[in-house]
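Presented below is the structure to which this report refers.
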Amino acid sequence: MGRPRRLDRAFYARTATEVAPELLNKVLVTPNGTGRIVEVEAYEGADDPGSHGFRGPTPRTEVMFGPPGRLYVYFTYGMHWCANVVCAEPGQCSAVLLRAVEPLVGIEAMRARRPRAQRDRDLTNGPAKLCAALDIGEADKGLNLLRAERGITVVDDGVGALKRPERTTRIGLSAGADLRLRWYVPDSPWVSRR
DNA sequence: ACCGGGATGTTCT
DNA sequence: GAACATCCCGGTG
């Protein structure tokens with residue numbers, strides 16, 4: 001296992017549907033902690049009624065239409081931040097929602113930022129939970145993962161891709177609920193749900 | 001275990 | 001005014 005390597009532009013410059021399963025087992029790095037990605041969902045553009053970009057770019061979603069390797073961060077339900085990795089070439093809409101990570105570094109600080117979590121497995125097993133645990137929010141909108149802007153990036157630490165990731169429909173949608181664009185690490189206790 | 005509802009504010013119709 | 005890529009809590013079985 002070599003030194004951790006930052007994911008590059010070529011990795012992200014494909015459709016989210018291609019990138020998403022390959023993001024499993026990669027490591028999300030922030031100044032506030034790190035976690036292994038164990039659950040993701042792909043969101044495409046015009047073909048995907050579940051995507052925020054389905055009806056074209058808006059001030060909120062323009063990051064998803066921009067260059068790959070940026071962070072699309074959005075605010076939802078009046079309370080929660082969620083984070084996506086932007087994929088594909090500029091002009092296309094494609095992004096991968098980070099739904100769950102396994103804490104690796106900084107778990108004590110994550111406990112402090114998630115005081116309601118009774119068990120460690122509840123710290124980061126949801127898209128808004130992991131953003132709270134790692135303090136990802138408004139300030140991180142559009143940041144460049146390729147340059148580790150604000151200290152945030154995704155690295156490959158050599159663990160390797162999953163041979164057989166579990167694949168299901170996405171969670172929490174009405175439109176596009178039939179598309180099977182969710183992947184997770186089988187048997188991981190850190191996944192949001194089975 | 002499952003289920004229902006409240007919190008909370010931005011975005012879009 | 002409705003919907004929302006969510007989370008948390010309190011009910012019941």
Side-chain angles (χ1 to χ4, degrees), chain A residues 12 15-21 23-24 28 32-33 35 37-66 68 70-88 92-103 110-143 145 152 154 165-185 189-194:
Chain A
Y12 296 111
T15 67
T17 302
E18 295 173 283
V19 172
L23 273 174
L24 296 176
L28 175 63
N32 307 306
I37 298 167
V38 297
E39 179 182 346
V40 293
E41 286 176 355
Y43 288 87
E44 303 293 356
D47 301 331
D48 181 2
S51 170
H52 290 165
F54 181 55
R55 292 180 168 82
T58 67
R60 178 202 196 192
T61 63
E62 61 186 356
V63 170
M64 279 208 294
F65 292 80
R70 309 300 175 100
L71 204 63
Y72 167 56
V73 179
Y74 69 92
F75 186 61
T76 192
Y77 289 99
M79 270 169 277
H80 304 299
W81 295 97
C82 297
N84 294 245
V85 167
V86 174
C87 300
Q92 305 177 45
C93 176
S94 200
V96 176
L97 174 67
L98 304 177
R99 280 201 57 92
V101 304
E102 169 185 350
M110 295 186 209
R111 291 188 188 114
R113 288 189 208 92
R114 297 263 308 124
R116 317 237 228 172
Q118 296 295 317
R119 310 165 300 177
D120 281 351
R121 64 186 302 180
D122 297 320
L123 287 173
T124 53
N125 61 346
K129 295 179 189 178
L130 75 88
C131 283
L134 296 172
D135 198 25
I136 293 171
E138 172 143 47
D140 305 305
K141 284 180 174 179
L143 70 79
L145 298 164
I152 299 180
V154 182
E166 202 71 40
R167 182 175 187 178
T168 72
T169 55
R170 295 174 294 185
I171 290 178
L173 306 189
S174 51
D178 51 320
L179 299 177
R180 295 172 63 245
L181 294 178
R182 172 177 177 247
W183 290 264
Y184 63 88
V185 177
W190 304 95
V191 165
S192 69
R193 67 181 230 216
R194 239 137 272 275

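Labels below follow one simple rule: chain letters A, B, ... track the order of the sequence lines, proteins then strands, and each chain is numbered from 1.
- For the pair A:Arg170 and A:Tyr43, the distance from NZ or CZ to the six-membered ring centre is under 6.0 Å and the angle to the ring normal is within 45 degrees.
- Under 4.0 angstrom from either OP1 or OP2 of C:dC7 there lies no side-chain N or O belonging to A:Arg114.
- As a whole-Å value, the separation of A:Asp122 CG from C:dC8 C1' is 11 Å.
- Comparing B:dG9, C:dA5, C:dC7 by their nearest atom to the side chain of A:Lys129 picks out C:dC7.
- Side-chain nitrogen and oxygen atoms of A:Thr58 include at least one within less than 4.0 Å of the OP1 or OP2 phosphate oxygen of B:dC12.
- C:dA5 and B:dC3: their P atoms are spaced 22 Å apart (whole Å).
- The two atoms that bring A:Leu97 and A:Pro127 nearest to each other are CD1-CB, 4.1 Å, heavy atoms only.
- Computed from coordinates, the A:Leu130 CG to C:dT6 P distance equals 12 Å when rounded to whole Å.
- B:dG5: Watson-Crick or G-U partner is C:dC8, with both key distances under 3.5 Å.
- For C:dA5, one of the phosphate oxygens OP1 or OP2 lies less than 4.0 angstrom from a side-chain nitrogen or oxygen of A:His52.
- Within the 4.0 Å cut-off from OP1 or OP2 of C:dC4, at least one side-chain nitrogen or oxygen of A:Ser174 is found.
- Although no hydrogens or angles enter the test, the distance criterion places no donor-acceptor pair under 3.5 Å between the side chain of A:Asp48 and the main chain of A:Gly45.
- In this structure, CD of A:Glu62 is placed 12 Å from P of B:dT11, rounded to the nearest angstrom.
- Side-chain proximity of A:Leu173 to the nucleotides B:dT10, C:dA5, B:dC12 is greatest for C:dA5.
- Salt-bridge annotation for A:Asp120 and A:Arg111: present, with a side-chain N of the basic residue lying under 4.0 Å from a carboxylate O of the acidic one.
- Stacking annotation: A:Tyr74 is not stacked on the base of C:dA5 (requires ring centroids less than 5.5 angstrom apart and an interplanar angle below 30 degrees).
- With distances taken from any side-chain atom of A:Arg60 to the nucleotides C:dC7, B:dT11, B:dT10, the minimum falls on B:dT11.
- Across the interface with DNA chain C, nearest-nucleotide mapping of A:Gln118 and A:Gly50 shows A:Gly50 to be the residue nearer the 5′ end.
- Rounded to whole Å, atom P of C:dC4 lies 10 Å from atom CZ of A:Arg55.
- Residue contacts for A:Arg182: at a heavy-atom cut-off of 4.0 Å it reaches no nucleic acid atom on any strand shown.
- Looking at A:Tyr77, its side chain has no donor and acceptor atom pair within 3.5 Å of the base of B:dA7.
- Nucleotide C:dA5 holds its P atom 10 Å from the CE atom of A:Met64, rounded to whole Å.
- Per the geometry, CZ belonging to A:Phe75 stands 16 Å off C1' belonging to B:dC12, to the nearest Å.
- Computed from coordinates, the A:Trp81 CH2 to B:dG9 C1' distance equals 10 Å when rounded to whole Å.
- Between the CG atom of A:Leu123 and the C1' atom of C:dC8 there is a distance of 15 Å, given to the nearest Å.
- In this structure, the separation between CG on A:Leu143 and CG on A:Leu71 is 4.5 Å, given to the nearest 0.5 Å.
- Here A:Tyr74 and A:His52 bring their ring centres to under 6.0 angstrom of each other.
- Backbone-only engagement by A:Gly126 is indicated by non-hydrogen atom pairs under 4.0 Å involving sugar-phosphate atoms exclusively.
- Mapping A:Met79 and A:Arg116 onto DNA chain C by nearest heavy atom places A:Met79 closer to the 5' end of the strand.
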